[in-house]
Amino acid sequence: QVQLVESGGGLVQAGGSLRLSCVASGSIRSINVMGWYRQAPGKQRELVATITSGGWSNYADSVKGRFTISRDNAKNTVYLQMNSLKPEDTAVYFCNYVTGSYLVWGQGTQVTVSS
């Protein structure tokens, strides 16, 4: 079993920055993918960015050039640095962990960007 705990959400003005963190604990496999997804009210959950344990990252087009995903494998932590935030980035941000067929989600952290 793996547990995920996100932190770092909050309220920020448009153009501002936030850094989200997600700490994984439990039976962590050395080969895995961790990622950030978001869900705005009335919308489906969507990919923001993912990163493999080897450091390969992937981004949604809507956040490329503004968001950066990174990870510290020694700390089992993945980060999402969000710059130049826009009101449309407002959502609950969820962290996930995938290894093989095993998938787990965190509880989510709210990000609100005011105009």
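For the pair Ile28 and Asn76, the tightest heavy-atom approach, listed with the atom from each and the gap, is CG2-OD1, 3.7 Å. Residues Ser27 and Val2 approach most closely at O-CG2, 3.4 Å, considering heavy atoms. Closest approach of Ser17 to Gln81, counting heavy atoms only: CB-NE2, 4.0 Å. What you find for Trp36 and Cys22 is that their closest heavy atoms are CZ2-CB, 3.6 Å. Taking all atoms of both residues into account, the shortest heavy-atom contact from Ser70 to Ile51 is CA-CD1, 3.9 Å. In this structure, Ala91 and Ala40 approach most closely via the heavy-atom pair CB-N, 3.8 Å.
The side-chain heavy atoms of Thr90 and Arg38, taken from C-beta on, include no pair separated by under 4.5 Å. Side-chain contact between Val111 and Leu20 is present, with heavy atoms from C-beta onward closer than 4.5 Å. At least one side-chain heavy atom of Asp89 sits less than 4.5 Å from a side-chain heavy atom of Arg66. At a threshold of 4.5 Å between non-hydrogen side-chain atoms, the residues Tyr79 and Met34 do not count as touching.
Counting only distance, with no hydrogens or angles, the side chain of Glu6 and the backbone of Gly108 share a donor-acceptor pair below 3.5 Å. In this structure a side-chain-to-backbone donor-acceptor pair under 3.5 Å is missing from Asn96 to Leu103. The backbone N or O of Ser7 lies less than 3.5 Å from no partner atom in the side chain of Thr109, so there is not a single donor-acceptor pair. A donor-acceptor pair under 3.5 Å is formed between the side chain of Tyr59 and the backbone N or O of Ile69. Of the possible polar contacts, one joining the Thr99 side chain to the Ile31 backbone as a donor-acceptor pair under 3.5 Å is found.
When only modelled atom types and interatomic distance are considered, Asn32 and Arg71 share a side-chain donor-acceptor pair under 3.5 Å.
Val92 and Met82 fall into different hydrophobic clusters, where Ile, Leu, Val, Met, Phe, Trp and Tyr side chains are chained together by heavy-atom contacts under 4.5 Å. In terms of hydrophobic clustering, with Ile, Leu, Val, Met, Phe, Trp and Tyr side chains grouped at heavy-atom distances under 4.5 Å, Val12 and Val48 are assigned to a common cluster. Under the 4.5 Å side-chain heavy-atom criterion for Ile, Leu, Val, Met, Phe, Trp and Tyr, Val98 and Tyr37 are members of the same hydrophobic cluster. Under a hydrophobic-cluster definition in which Ile, Leu, Val, Met, Phe, Trp and Tyr are linked whenever side-chain heavy atoms come within less than 4.5 Å, directly or via other members, Leu4 and Phe94 are assigned to different clusters.
Asn58 contributes atom CG, which lies 4.5 Å from atom OG1 of Thr50 (distance to the nearest 0.5 angstrom). Atom NZ of Lys75 is separated from atom OG of Ser25 by 15.5 Å, given to the nearest 0.5 angstrom. With values rounded to the nearest 0.5 angstrom, Ser115 atom OG is found 14.0 Å from Lys86 atom NZ.
Using the six-membered ring where Trp is involved, Phe67 and Tyr93 have ring planes that are tilted, between 30° and 60° apart.
For the side chain to side chain contact (heavy atoms under 4.5 Å, CB included) test with Tyr97, the passing option among Val33, Val78, Val104 is Val104; the others fail.
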